[in-house]
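Side chains included, hydrogens not; waters and symmetry mates left out as well; all remaining heavy atoms used.
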Amino acid sequence: MEQTTGILIILVLYLVLMLGIGIWSAKTSQQGSSDYFLGGNRVGPWVLSMSEKASESSGFMTAGLPGEAHSSGMSAAWNAVSSVFSIFNWVFFAKPLRRLSELLKSLTIPDYLSSRYQDHSHIMRGVSIVMMTVFQTVYICAQFVAFGILFEAVLDMSFVTGVIVGGVVTTLYTMVGGFFAVAITDFIQGLLLAVAFVVLPIVGITKVGGFTQLGNTLTESMGSDFLKPFFDNPTLTFAGLIAIISYLFIGIGFNGAPHVLVRYMALRTTRDVKKIALIGIIWMMIAYYGAVLIGLAGAALFPNIDNPEEIFPLMALELLPWWLAGVIIAAALSALMSSIDSMLLITSSSIAEDLWNKMFYKGKLSQKKTIVVSQISTVVIGVVAILIALNPFDSVFWLAVFAWAGLATCFGPPVILSLYWKGVTKWGAIAGMIVGPVVTILWYFWPPIDIYEGGPAFIAALITIVVVSLLTQAPHDEDFEKMWADYNEKNATGTPSFLASDYAYLKSLQAEEDLQLKSDQHIVRDLLDKKLTVARPFTTVKGSAAFGSAT
C-alpha cells in the first residue's frame, strides 16, 4: 500500500506539472497561428530534437517493443534498424522542407502540400484531413490503451480509469498550450525516457546475474531459439531477410508522420539540423536497445506474465525502490503523452487551418478564431479516441505500427517528391495519397504475404505518383516558376540563399555575447557589419542586413 500510494503521488505531481506547463505556455502559444502551430520557429535544437524523439516513441517503446522482445526474443532488436530513417530524414529532408514551407508560408502539412502542388480545388486538403484524422486517431487510441494497461498494472486501477485520466490530462494541456507546450513537455518526457531506458535494463540484467546468465536463463526456460538473432535461426534465411526488411519498412513512417514533419517546419534555422540529428541518434540507440533489453530481462525474471506489454511497469515495481519506480512509471507515461499531444495538435491544427480557415472561410478567418477551432477540435478528437480506446481491436504494438503505416504511405511519397522533382503533379500526389492508405488497410486485414503493410503500401503510393504525374500536366505558371527558382537559388558559396528567418537568426546571434563557435562570431560580424556580395546582393544598414543593391 505504501508503495502504491507513493507512486500515485509522484504520478499526480507529474500530471499536474504537465498541466502547469500547458497553462504557462498559453500566453506564448496563442499570440498567433504561427506561435500556436509551430512555436513561432523559436524552439532550439535540444528541445526540438528531444521533442521529436519523445513524440516518436509512444507506447510502442514502453509497452509494444518490450512486450515484443519478451514474446519473440532477440530478433525484436531489428526494430532498431528503422531508426536509421529518422537520421536520414534530418540530413536529406529537414532543410529543404523547412525552406520550402517558409517560402510557401505554410503552417500545416496539408497546407504545404496544397500550396506546393497548387491545388486550388482543395481536394488534396480534404484527402489529407481525412487520412490524418483517421490514422492519427487510431494511433492516439493505441496510446490511451497503453495508459489503461499502465494504470491497471501499476496502481491496480481499472483499465477504464487509466484511459480516461491519461486522455483528459493530455488533451487539456495540448489544447491550452499549443506547440510550445507540446515541445517543452516532450523535452522533459524525452529526458525521463532516456533515464528509464538506462536504469531499468541495468537493474534487470544485474538482477538476473549479468549477460551470460541472462542467455543461460532464457535458453533453459524458453529454448535456444529465443536468443537467435534471425527470427529463431542462427543464420540469415530468406524468411528472416523478409522480416528484417519488414522492420526496416517501419522506418519509412518517419518520412510521412505529420507530427515528425512539422518539427522540420518548426526549425529555428537549418543550422540546427546537425546538432538535432546527433542528439537524436544517441537518444534512439539508448531507447531502442534499452526497450529490447527490458523485454529480454523481463522474460528471464517474469516468464509467465499474462500480458507481455506490462513488463516495463512490472519490472519497475518489483526491482526498484518505490520513489525510483515512480519516476520510471512517470517515464512510461511520458512516452504515451508525448505522442498523444503531438498528434492531437497536428490533427486539430489541420482541421482548424486547412478545413475551417482555408476551405470554409477562404483564408479569412482570424488567427484568434482559428486557434479556438483548433482547441475545440483537440477536445473532440481526444474524446473520440478515448471512447474507441475503451474497446481496442488490437495490441498497442500493432495498433501503433498500423497507424504509422497509414500516415507514412499517405504523406511520405508526396512530401519527398515535392522537394526533389519539379514535374510531380497534384493529381499524381492525390492518387498516391489515396492508394497508399488503401493498400495499408487491405494488407493489414488480408495480407497476401506476411510482411509489414507499410512497405508494399509505400512502394505502391510512390509508383502511383510517378506514373500519374507522367501522364498529367505539371505546374508551369509564373508563380510556380518563381517559387521553384527561389527554392533552388544558391548564393556565391553554393549553399541555398538566405531567407527572412536566416537573417533574423543571424541578428539574434549577433546580439549574443557568448557564441558557441568563434567562427560563428566571425561569420556574423562579416555578414552584418560589412558589405558583401552574394548571388542575391544585399547591403547593411546600421549593422543589420537588408535586401538591396550591392555597393
Side-chain angles (χ1 to χ4, degrees), residues 34 37-39 41 43 45 48-58 82-83 85-117 124-125 127-129 131-133 135-136 139-140 178-179 182-183 186 250-268 270 272-273 276-277 280 338-339 341-351 353-354 403-420 424 429 432-433 436-437 454 458 461-462 465 487:
S34 176
F37 298 143
L38 294 177
N41 296 109
V43 180
L48 197 62
S49 181
M50 297 296 283
S51 172
E52 185 218 12
K53 297 309 165 198
S55 67
E56 290 170 2
S57 61
S58 74
S82 65
S83 65
F85 281 85
S86 176
I87 306 306
F88 182 84
N89 281 0
W90 277 109
V91 173
F92 292 101
F93 301 137
K95 289 184 178 181
L97 181 57
R98 170 68 178 83
R99 179 176 180 81
L100 192 50
S101 64
E102 180 176 339
L103 287 170
L104 296 171
K105 296 180 173 59
S106 301
L107 298 178
T108 67
I109 295 300
D111 188 36
Y112 165 79
L113 290 172
S114 296
S115 299
R116 163 62 180 84
Y117 290 112
M124 186 172 288
R125 289 186 196 273
V127 172
S128 298
I129 293 167
M131 297 300 180
M132 190 180 294
T133 302
F135 285 107
Q136 295 209 135
Y139 203 104
I140 292 168
F179 185 89
V182 168
D186 284 356
I250 294 177
I252 66 175
F254 295 112
N255 295 313
H259 65 293
V260 176
L261 294 174
V262 78
R263 262 66 180 182
Y264 307 155
M265 296 169 62
L267 275 168
R268 181 181 60 178
T270 54
D272 291 339
V273 166
I276 290 172
S338 58
S339 292
D341 58 21
S342 295
M343 291 195 165
L344 277 174
L345 181 64
I346 296 304
T347 308
S348 63
S349 63
S350 180
I351 291 173
E353 176 67 17
D354 295 293
W404 188 251
L407 293 168
T409 57
C410 178
F411 296 102
V415 169
I416 292 171
L417 292 175
S418 73
L419 301 172
Y420 294 107
V424 64
M433 292 172 70
F458 191 90
L462 201 62
I465 294 176
Y487 168 60

Can you tell me how far [atom2] of [Y] sits from [atom1] of [X], rounded to the nearest 0.5 angstrom?
X: Cys410; Y: Met132; atom1: SG; atom2: CE; result: 7.5 Å
X: Leu419; Y: Leu100; atom1: CG; atom2: CG; result: 6.5 Å
X: Ile109; Y: Asp354; atom1: CD1; atom2: CG; result: 9.5 Å
X: Ser101; Y: Asp111; atom1: OG; atom2: CG; result: 10.0 Å
X: Ser350; Y: Leu107; atom1: OG; atom2: CG; result: 11.0 Å
X: Ile465; Y: Ile416; atom1: CD1; atom2: CD1; result: 9.0 Å

Least distance between heavy atoms, [X] atom then [Y] atom:
X: Tyr487; Y: Arg99; result: O-NE, 2.9 Å
X: Pro413; Y: Ala461; result: CG-CB, 3.9 Å
X: Thr409; Y: Phe458; result: CG2-N, 3.3 Å
X: Tyr112; Y: Ser418; result: OH-OG, 2.7 Å

Side chains of [X] and [Y]: does their closest heavy-atom pair fall under 4.5 Å?
X: Leu113; Y: Met433; result: yes
X: Pro437; Y: Phe135; result: yes
X: Leu261; Y: Phe93; result: no

For Ser114, give me all partners under side-chain contact (heavy atoms from CB on, under 4.5 Å), at least two apart in sequence or on another chain. Met124, Arg125
Please check if any side-chain donor atom of Thr108 sits under 3.5 Å from a side-chain acceptor atom of Glu353, or the reverse. no
